[in-house]
Amino acid sequence: MNNYHVTYPVAILAACALALGVVLFSVAFVRAIALDPDLVTPGTDQDEQVKAHPIGPGEFKPDIAWPFYPFRQSRADLELTRANVSANNAALWRRPARVFFHSSIGWWIVFPIPIAVMAFLLLATLASWFCHLVYAIVNAVCAWASLAVLVPAAAALRAAERWRRGRQLTQAACMQCFHVTPWPAYQCPTCQRPHHDIRPGRLGLLLRRCQCGTHLPTMASRTAWRVTPLCKRCGAPLPKGMGAVRDVRVPVFGDISAGKTRFLYASLNSLMRTAQRAGLDVSFPDQDSRDLSEFGLSVVQSGRETAKTSTNTQVTLTCRLGAGRRSQLIHLFDTAGEHFRSARQPDTLRFLDDSHGLVYVLDPFSLEVIRMQLADRDGSALDLANAASDPELTYDEIMSRLRDSGVPASTQLLAVVVSKADLVRSAGINLPTGSAAIAQWLRDSGVHNLVIFAPREFKEVRFFTVASQHEQPGGRDDPGAPLRWLLTSHGVRLPADPPDPGSSSGRADPARADGSGHHRAEQVSSGPAEAWS
Amino acid sequence: MTTTPVKTPPRTPPHVVAYRSVTATITVLLLVSFGSGLAGYGPFFPLHSLVNPVTHALHLDRIQG
């Protein structure tokens, strides 16, 4: 062994074999990651995901975006490198194997040479696989290290988003199909492809790369301001910021001619005046809402009579209170009273199922007691009022619908609004103020079931009287009071309640925050009956 | 005469290039370190001791020669 003429050539040959192994691996590696890589495209990744986790009804395919390297591409690179190393070694061994083992037995006559050649090749092969092993370990360690950071970070960001959604009620409501989702889809501004699940995950932690190469921020709170939100069901574009701001939905229901549309516009008018006084922006994010509000507000402000809502149309009005990231979206719904008489129709009243608070508009002229009193006094008021029919029928229909749809009314608020209060008062009938007093008056007027059962079915019920004509915010029959109560109960930040026009100081009375018209001392003294919860 | 559109392969995203560069660099550094250790230099010196009989013999040969 200590012979220079033996060990030195052996060492040189061994070094050459090792070098050959390194070359074999290098060629395979460079081909795998640079020259001819197996690039896992978003489409391929989506197909694999769908195959692994078939999508169920109502679910969407995973979004088409580039997955994080450690989630998929690292495995593809490792597999391709292994295949290339294997192919290179196969090519290296092909000829010697044929010569030594298949065709020419004669080579074994020069016995040590085949052994030396095979030892050389074996060493080269082992060296190439050793290099591959090193790469595999590096690849795995890098992937695990990345996942160890990414997965907890994504989980933390998702939890933060979930907490924010729960705290701010940032759902996405479509005004076209009334579909409500926790967050909307967001449209890639370049390729127009919708991304249905923008949460941090395997497609990106803070940013994701769409298939077209466009970067989109993850998390609805950031994405909603940069790209167009879309309804997940019908694909209609939604207002900017949808999914990132508070979203409150308030449907108005009641019988035909109860004054629903009038109330809707009058309450909006009051809300806008209150906001305007406090310097708070009120805007309408879509053209339909702009047109509707412009028309409706002009009718209310001019004192003209509101036309009856067509049975073919539904008034869905979205307004944005405030501006930018601190704004809040408020949706108001109204439809013709005919629909509430057969309220179990599946789609017409879909907006009732996902509301935060309901407004039930009750026409006082539909009460037998009032009709009898007016018949004795002044029939003209009755003619003006265009009275609706039995108020409890519509309420019962709506309650049946909510129960059948599995909507938990016990989590919702109900504002019972006695409309046309100005007309009733003008006819010489005294209407009470304050929720408890109005409830008692309704009970005395024969609306027993509603007054008794509504507080049991809903989380909280309050009773209001509202004027059909223009009324100062903060007034006795302010139409904005029910809306303000429902909105503030759901966390909407509103300016301080309007001061009582009769008050000389002009200072807002906090006791009027619920629109009940009672002073705080009276509210406290009236006890649980005041809240009707 | 109609021409068929040529579908261009998607460009490799920068984050994939970055990850590949990092893993390749670490692999190369490790292999160089192993090689150096095998030759008696570098951080993986214990490797050198594995092949010590051969290198020692070469050393003796050199002295004797």
Side-chain angles (χ1 to χ4, degrees), chain A residues 1-8 10-12 14-15 18-19 21-22 25-26 29-30 32-34 37 39-44 65-70 72-74 76-78 81 127 130-143 145-146 204 207-213 215, chain B:
Chain A
M1 189 65 186
N2 291 340
N3 188 346
Y4 172 80
H5 298 291
V6 176
T7 52
Y8 209 71
V10 165
I12 290 173
L18 290 177
V22 172
F25 168 74
S26 300
F29 188 49
V30 170
I33 67 165
L39 193 60
V40 180
T41 60
T44 313
W66 291 92
F68 253 143
Y69 184 82
R72 182 64 185 85
Q73 186 63 52
S74 66
D77 285 351
L78 189 62
T81 308
F130 174 76
C131 293
H132 177 68
L133 178 69
V134 171
Y135 171 62
I137 291 170
V138 169
N139 190 306
V141 169
C142 284
S146 302
L207 288 173
R208 68 165 53 178
R209 191 183 177 84
C210 181
Q211 189 179 31
C212 67
H215 279 111
Chain B
M1 185 177 159
T2 57
T3 54
T4 51
V6 180
K7 196 177 178 185
T8 52
R11 276 189 60 203
T12 308
H15 76 272
V16 172
V17 175
Y19 258 100
R20 281 174 174 166
S21 306
V22 169
T23 50
T25 306
I26 295 173
T27 306
V28 168
L29 284 176
L30 277 174
L31 289 177
V32 168
S33 300
F34 281 128
S36 307
L38 206 62
Y41 311 98
F44 289 91
F45 186 74
L47 277 176
H48 179 68
S49 58
L50 284 178
V51 289
N52 200 30
V54 176
T55 51
H56 184 64
L58 285 171
H59 179 65
L60 289 178
D61 283 349
R62 236 181 267 125
I63 295 169
Q64 286 169 359

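Predicted model only: the values in this text are computed from it and were never measured. Residue numbering restarts at 1 for every chain, and letters A, B, ... go by the order of the sequence lines. Only heavy atoms go into these numbers, but all of them, side chains included; no hydrogens, no water, no symmetry mates.
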**Student:** Please classify the contact between A:Ile137 and chain B as side chain, backbone, both or neither, with a heavy-atom cut-off of under 4.5 Å.
**Tutor:**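 Contact with chain B: none, neither part.
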**Student:** Looking at residues at least two apart in the chain, or sitting in another chain, which of them share a side-chain hydrogen bond (donor to acceptor under 3.5 Å, both in side chains) with A:Thr44?
**Tutor:**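 In terms of side-chain hydrogen bond (donor to acceptor under 3.5 Å, both in side chains), with neighbours along the sequence ignored, A:Thr44 is linked to A:Thr41.
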**Student:** Heavy-atom pairs under 4.5 Å with chain B - which of A:Pro42, A:Pro70, A:Ser74, A:Gly213 has more of them than the others?
**Tutor:**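 Top count of heavy-atom pairs under 4.5 Å with chain B: A:Pro70.
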**Student:** In terms of heavy-atom pairs under 4.5 Å with chain B, which of A:Ile33, A:Leu18, A:Val141, A:Val22 leads?
**Tutor:** A:Ile33
**Student:** If you count heavy-atom pairs under 4.5 Å with chain B, which of A:Asn139, A:Val30, A:Val134 comes out on top?
**Tutor:** A:Val134
**Student:** Side chains of residues 22-30 of chain B: which donor-acceptor partners sit under 3.5 Å, not counting sequence neighbours?
**Tutor:**
unit_1	atom_1	unit_2	atom_2	d
B:Thr23	OG1	B:Tyr19	O	3.1
B:Thr23	OG1	B:Arg20	O	3.0
B:Thr25	OG1	B:Ser21	O	2.6
B:Thr27	OG1	B:Thr23	O	2.6

**Student:** If only side-chain N and O atoms count, and only distance matters, is there a donor-acceptor pair under 3.5 Å linking A:Tyr135 with A:Asp77?
**Tutor:**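 Not at all, the side chains of A:Asp77 and A:Tyr135 share no donor-acceptor pair under 3.5 Å.
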**Student:** Any idea how A:Phe25 and A:Phe29 line up, ring-wise: parallel (<30°), tilted (30 to 60°), or perpendicular (>60°)?
**Tutor:** parallel
